[in-house]
Amino acid sequence: MWLKKADAKAKGQAPEKLRYSRYYEHDGALRAYANRAMLLAFICVPTTLLSVALAAYVRLQPPTVIRVDSSGTAAAVVEHSPAAKLPMPISQGANAEPNDFEKAAFVRLFLQRYLNFSPGSVNRSWADGLNMMTSNLRKATLSAIEKGDVAGKIQDDQITSIFHLRSLEPVKDDPLSFTAFGVKEVHRVRDHQEATDKLVGEFHIRLITERRSEQNPSGLLIAEYGERLIEGERRDAIARDTSLTGSK
């Protein structure tokens, strides 16, 4: 009993360095940690270099520029090679025929420009509409406007026209001709009193095609334009925005 207590007391009084582990155990652990760090460094170096190379490649690429003209035609401007320095049209070429959507959109735009006006905007609205016509139709229409002093009457009576398109259909036997039905709300102001007329009309428009250009990117022109008033039950149906299917 006394011997056991003496051994424990002697062990507690042993030098501090004798309680440490062996030197080669510490050295092995340090070498293992060093090897792991070296392996991780070798793995990270190529990954970092690849990321830097990709970032530099993306940074050096020129931006993609999409040019959209007034008719909605989109063109990609690419400068990667000398052969691609000019804009590349994404849609149609200069000699491409206009499709049905372009024809209907052109007629709709013409009616909106030509039939919507106010005393302050009539000159601009009619100028935009006349520029969509062929030269001979433009001259005839402008001559009729000047002869009847239509613009002067609009200014004197303070006439405002608001057009509501009800229907637009192509003519069955002529893909370049369209028949439209719509309502014109004509407001006149004289002596501080307003008079409103609701005119229901049928409009006939015939288109003609030409080579696409910067001045006329759609390649369409108005070749004929005419309108006539509609009366009776059919007038009431159109004014109420009733379907015109099958009506003549």
Side-chain angles (χ1 to χ4, degrees), residues 67-75 91-92 94 98 101-168 170 176-230 238-239 241:
R67 179 181 297 148
V68 182
D69 58 21
S70 59
S71 66
T73 301
S91 56
Q92 303 92 346
F101 292 105
E102 289 179 305
K103 297 173 187 176
F106 189 82
V107 173
R108 187 183 296 270
L109 178 62
F110 169 75
L111 293 175
Q112 290 176 351
R113 287 179 172 178
Y114 194 66
L115 300 179
N116 284 290
F117 57 83
S118 65
S121 65
V122 61
N123 292 331
R124 180 61 182 174
S125 298
W126 282 359
D128 292 339
L130 290 172
N131 288 332
M132 299 175 70
M133 300 179 180
T134 59
S135 59
N136 49 344
L137 179 61
R138 186 188 311 126
K139 291 178 181 178
T141 304
L142 186 59
S143 176
I145 292 175
E146 293 177 349
K147 184 177 180 180
D149 193 21
V150 181
K153 293 178 180 178
I154 291 175
Q155 298 288 345
D156 295 338
D157 293 343
Q158 290 295 292
I159 298 176
T160 300
S161 174
I162 303 174
F163 179 69
H164 304 279
L165 182 64
R166 293 291 189 250
S167 174
L168 178 62
L176 290 175
S177 296
F178 288 82
T179 300
F181 296 91
V183 180
K184 289 195 299 183
E185 294 183 6
V186 181
H187 303 268
R188 294 180 175 86
V189 178
R190 176 168 289 186
D191 297 331
H192 306 290
Q193 293 184 352
E194 180 189 17
T196 302
D197 295 326
K198 185 175 289 187
L199 306 177
V200 179
E202 177 181 350
F203 305 87
H204 173 74
I205 302 99
R206 183 176 65 85
L207 302 176
I208 192 170
T209 59
E210 67 173 4
R211 182 181 176 87
R212 295 175 186 262
S213 63
E214 293 183 1
Q215 291 75 21
N216 187 11
S218 66
L220 293 169
L221 291 172
I222 304 295
E224 292 181 8
Y225 171 77
E227 61 180 272
R228 67 180 183 89
L229 295 179
I230 298 176
I238 297 174
D241 201 7

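Here, residue 1 is the first one in the sequence, and each next residue gets the next number. Quantities reported herein were computed from a predicted structural model and do not represent experimental measurements.
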*Rounded to the nearest 0.5 Å, what's the gap from CZ on Arg108 to CZ on Phe178? Could you check?*
10.0 Å

*Should Ile162 and His164 count as side-chain neighbours, where that means a heavy-atom distance under 4.5 Å?*
yes

*Would a 4.5 Å heavy-atom cut-off, applied to side chains only, mark Leu176 and Ile208 as touching?*
no

*With a 4.5 Å limit on heavy-atom distance, are the side chains of Trp126 and Leu142 in contact?*
no

*Can you see which heavy atom on Val150 is nearest to which on Ala144, and at what distance?*
CG2-O, 4.5 Å

*For Lys103, check side chain to side chain donor-acceptor pair (under 3.5 Å) against everything at least two apart and list the hits.*
none

*Return yes when atom CZ of Arg206 has more than 12 non-hydrogen atoms of other residues, nucleotides or ligands closer than 6.0 Å, and no otherwise.*
yes

_Any non-hydrogen side-chain atom of Leu221 less than 4.5 Å from a side-chain atom of Leu207?_
no

_Could you measure the distance from the CD atom of Glu146 to the OG1 atom of Thr141? Nearest 0.5 Å is fine._
11.0 Å

*Which atom pair, heavy atoms only, marks the closest approach of Glu202 to Ile230?*
CB-CD1, 3.8 Å

_Shortest non-hydrogen separation from Ile159 to Lys153 and the atoms involved_ = CD1-O, 4.1 Å

*Compare every heavy atom of Ala151 with every heavy atom of Ile145, then report the nearest pair and how far apart it is.*
CG2-N, 4.5 Å

*How many angstroms lie between CD1 in Ile205 and CD in Glu224, if you round to the nearest 0.5 Å?*
11.0 Å

For residues 110-119, please give each side-chain donor-acceptor pair under 3.5 Å, one per line with the distance, not counting sequence neighbours.
residue	atom	partner	partner atom	Å
Asn116	OD1	Phe163	N	2.8
Asn116	ND2	Gln112	O	3.0
Ser118	OG	Ser121	N	3.4
Ser118	OG	Ser121	OG	2.9

*Please examine the side chains of Arg166 and Val200, heavy atoms only from C-beta on, and report whether any two atoms are closer than 4.5 Å.*
no

*Do you know which of Asn131, Leu137, Asn136 makes side chain to side chain contact (heavy atoms under 4.5 Å, CB included) with Met133?*
Leu137

*Do we see a donor-acceptor contact under 3.5 Å between the side chains of Asn216 and Ser218?*
yes

_Stepwise side-chain contact (heavy atoms from CB on, under 4.5 Å) check, Leu220 with Thr209_ = CA-CA 5 Å; Leu220 293 169; Thr209 59; 3.8 Å; yes

*Heavy atoms of other groups near Glu194 CD, more than 12 under 6.0 Å*: yes

*asked:* Do Thr134 and Glu210 have side chains that approach each other closer than 4.5 Å (heavy atoms only, starting at C-beta)?
replied: no

*Who pairs with Arg138 by side chain to side chain donor-acceptor pair (under 3.5 Å), at least two apart in sequence or on another chain?*
none

_Side-chain donor/acceptor of Arg212 to backbone N/O of Pro217, under 3.5 Å_ = yes

